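Notes follow the structure.
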Amino acid sequence: MSEDSEVPGDASGQEPDQPIAALAELEQDISPTFFNVVRKKIHRRTAAAQVVSFSWSVPKMIFFELADIFTRLLMLAGKRKGRSL
């Protein structure tokens, strides 16, 4: 390899961080409808993710609440039996 090796495809001599002039001329403004479409897609995915996480956590919460109610009922029934005898 030679000491003055250049980056392949960099025949213009521009810095690698500089934008290409031909591509800068092709730049167009983004329409508001495009932003709205992208925003709606993001909101849909976020809502779907929240529904999925909620559907995974709710059955577990219901199970623990029912187990708590059942144990409290058993403790209450045990106290009542002890008092009536």
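Note that the coordinates shown come from a computational prediction; the quantities given were computed from them, not determined experimentally. One-based numbering along the sequence shown.
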Only pairs under 3.5 Å count here: list side-chain donor-acceptor contacts from residues 34-41, not counting sequence neighbours, and write none if there are none.
from, atom 1, to, atom 2, distance (Å)
Asn36, OD1, Arg39, NH1, 3.1
Asn36, ND2, Pro32, O, 3.4

Legend entry - same_hphob_cluster(Ile42, Ile30) at 4.5 Å side-chain heavy-atom cutoff: yes
Inset, instruction - With sequence neighbours excluded, give me every salt bridge (Lys or Arg N to Asp or Glu O under 4.0 Å) pair touching residues 63-73. - result: Asp68-Arg72
Legend entry - Nearest-0.5 Å distance that lies between atom CG in Leu76 and atom OG1 in Thr71: 11.0 Å
Legend entry - Co-members of the apolar cluster containing Phe64 [side chain, <4.5 Å]: Phe63
Inset, instruction - List in chain and number order the residues that pass salt bridge (Lys or Arg N to Asp or Glu O under 4.0 Å) with Asp29, two or more places apart in sequence or in another chain; answer none if no residue qualifies. - result: none
Distance-only donor-acceptor pairs under 3.5 Å for side chains of residues 49-62, two or more places apart:
from, atom 1, to, atom 2, distance (Å)
Ser53, OG, Ala49, O, 3.4
Ser53, OG, Gln50, O, 3.0
Ser55, OG, Val51, O, 3.4
Ser55, OG, Val52, O, 2.8
Ser57, OG, Ser53, O, 3.2
Ser57, OG, Phe54, O, 3.3

